[in-house]
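Note that the structure is a prediction, hence the values are computed from the model and not measured.
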Amino acid sequence: MNEEIALHGGNVGGAVRVGDTVRRATGPWTPAVHALLNYLADAGLTGIPRVLGYDDQDREILDYLPGTAYGPEVPDDVLADAMRWLAEYHRVVTSYRPDGEIVWRTSRGELAAGQIICMHDYGYYNWIGTESGFSGVIDWDMAGPGVPLDDIAFAAWNTAPLAIPMDPAYQAARLQLMATSYGGTFTPLEILEAAPIRAQRSARVIRAGQQTGDPGMLNLLKVGEPDRTERRLVDLRQRIPAIAAHL
């Protein structure tokens, strides 16, 4: 048995590297996530982990994506590449229409008209990079139904980063970069206005998971979630006009 090495990308935690594979705890949502990843792999989408099965501890086995997760200060070129990748993911996943009531980590039900399966955790901490730049996305366990703007707004919250008070002109420029790199489907103002709505959803999901005993959601208590997000939301709503003035 190869040595297990704890991996530090993502926020929920619990993943370990074993050789060229990653092992993670499973849950009722795992079959749905595996079906999604298998579909994406068959469709030729690059930069995603491949599903390799389960180990003798009933952990999922995924292939290891070489590289390291990014920190909060993501360069503009990486942000642009990540948004281009997201646009391609959304293009590919639009055709994925699983039948019947599906169990995801944060919801259960059928995919509604106009919805896609969003990644729902598209923050810098789940982006993998190498010396060549942005190369892939890990930690798909939060995937589930949503609309494309959900993923973009979540990225803006974490990586513009709208969650943190900064120069409004800088944050406006990052939103413009995101909108352009994604392909112009959404305006920078639409992304800005969607960000607090999407962050509120995150807080609600985290709190609900903690109340039901989800180990991953309970792990987020260590970094003060969801209280931290809710405090930052109050602040962002006050800063939105200043950011919008630069768009």
Side-chain angles (χ1 to χ4, degrees), residues 36 40 43 45-48 70 72-97 104 106-107 111-127 133-134 136-137 139-140 142-205 229 232-233 235-247:
L36 170 64
L40 297 174
L45 184 69
T46 61
I48 59 170
Y70 288 96
E73 297 182 3
V74 176
D76 284 354
D77 60 336
V78 172
L79 180 58
D81 284 345
M83 296 311 297
R84 284 189 280 266
W85 188 94
L86 183 63
E88 177 63 10
Y89 164 65
H90 285 165
R91 185 192 67 79
V92 171
V93 83
T94 296
S95 300
Y96 183 57
R97 312 298 298 179
W104 302 95
T106 62
S107 67
L111 196 60
Q115 287 187 321
I116 62 169
I117 302 302
C118 289
M119 197 273 175
H120 273 321
D121 202 7
Y122 202 65
Y124 62 84
Y125 46 82
N126 283 332
W127 300 353
F134 178 90
V137 183
D139 288 0
W140 286 79
M142 298 298 289
V147 296
L149 189 55
D150 289 338
D151 280 338
I152 303 169
F154 189 84
W157 168 261
N158 283 280
T159 316
L162 297 177
I164 302 171
M166 298 182 72
D167 176 9
Y170 170 78
Q171 292 184 319
R174 296 275 277 188
L175 290 171
Q176 290 170 335
L177 175 63
M178 293 177 68
T180 300
S181 301
Y182 184 80
T185 307
F186 302 100
T187 67
L189 184 59
E190 286 176 318
I191 299 172
L192 174 61
E193 292 176 339
I197 299 170
R198 180 59 184 80
Q200 186 64 67
R201 176 193 181 276
S202 291
R204 184 173 64 251
V205 162
T229 290
R232 288 175 167 177
L233 266 169
D235 177 69
L236 173 59
R237 290 188 176 112
Q238 295 173 343
R239 292 186 287 111
I240 282 178
I243 300 170
H246 292 276
L247 295 175

Checklist line | Any side-chain heavy-atom pair of Trp85 and Tyr182 under 4.5 Å | finding: no

| request: Determine yes or no for a side-chain-to-main-chain donor-acceptor pair under 3.5 angstrom, with Gln176 supplying the side chain and Gln171 the backbone. | output: no

By side chain to side chain contact (heavy atoms under 4.5 Å, CB included), Pro72 pairs with (sequence neighbours left out) Tyr124

Smallest heavy-atom separation, Ala156 atom then Met178 atom, equals N-CE, 3.5 Å

*Between His246 and Tyr170, does the ring centre distance come in under 6.0 Å?*
no

Rounded to the nearest 0.5 Å, the CD1 atom of Ile152 sits from the OG1 atom of Thr185 at a distance of 7.0 Å

> Do the non-hydrogen side-chain atoms of Val205 and Met142 ever get within less than 4.5 Å of each other?
Replying inline: yes

Per ring-ring contact (aromatic ring centres under 6.0 Å, His included), Tyr122 is matched among Trp127, Phe154, Trp157 by Trp127

Residue set satisfying side chain to side chain contact (heavy atoms under 4.5 Å, CB included) with Pro196, at least two apart, ordered chain then number -> Leu233, Leu236, Arg237, Ile240

So salt bridge (charged side-chain N to carboxylate O under 4.0 Å, His left out) across residues 165-189, not counting sequence neighbours, yields Asp76-Arg174

* Asked: Do the side chain of Gln200 and the main chain of Ile197 share a donor and acceptor less than 3.5 angstrom apart?
  -> no

All heavy atoms of His120 vs all of Pro145, minimum pair found to be NE2-O, 2.9 Å

Heavy-atom nearest pair, Ala80 first then Ser181, reads CB-OG, 3.3 Å

In short, salt bridge (charged side-chain N to carboxylate O under 4.0 Å, His left out) pairs touching residues 184-205 with sequence neighbours left out are none

> Any side-chain heavy-atom pair from Pro148 and Ile116 closer than 4.5 angstrom?
Replying inline: yes

Residues passing the side chain to side chain donor-acceptor pair (under 3.5 Å) test with Asp81, sequence neighbours excluded, are Arg84

- Item | Any Tyr96 side-chain heavy atom under 4.5 Å of Leu40 side chain | no

Could you check whether Asp151 and His90, counting side-chain N and O atoms only, form a donor-acceptor pair closer than 3.5 Å? yes

Sorted by chain and residue number, the salt bridge (Lys or Arg N to Asp or Glu O under 4.0 Å) partners of Arg91 (sequence neighbours excluded) come out as Glu88

Taken to the nearest 0.5 Å, the spacing of Leu36 CG from Trp140 CH2 works out to 6.0 Å

Gly123 and Asn158 have their tightest heavy-atom pair at CA-CB, 4.2 Å

Report task. For Tyr70 and Phe134, indicate whether the former's side chain and the latter's backbone hold a donor-acceptor pair under 3.5 Å. Result -> yes

With the side chain counted from C-beta on, respond yes when Arg239 and Pro165 share a heavy-atom pair under 4.5 Å apart, and no when they do not. yes

With side chains defined as the heavy atoms from C-beta onward, is the minimum distance between Leu162 and Leu175 less than 4.5 Å? yes

Query raised in the report: Can you check whether Val147's main-chain N or O pairs, donor with acceptor, with Asp150's side chain at less than 3.5 Å?
Result: yes

Heavy-atom closest pair (Arg97 atom, Thr94 atom, distance to 0.1 Å) is CD-O, 3.7 Å

Open item on the list: Using side-chain heavy atoms (C-beta onward) and a distance below 4.5 Å, is Val78 in contact with Pro75?
Closed with: yes

In short, Met119 meets Asn126 closest at the heavy-atom pair CE-ND2, 4.1 Å

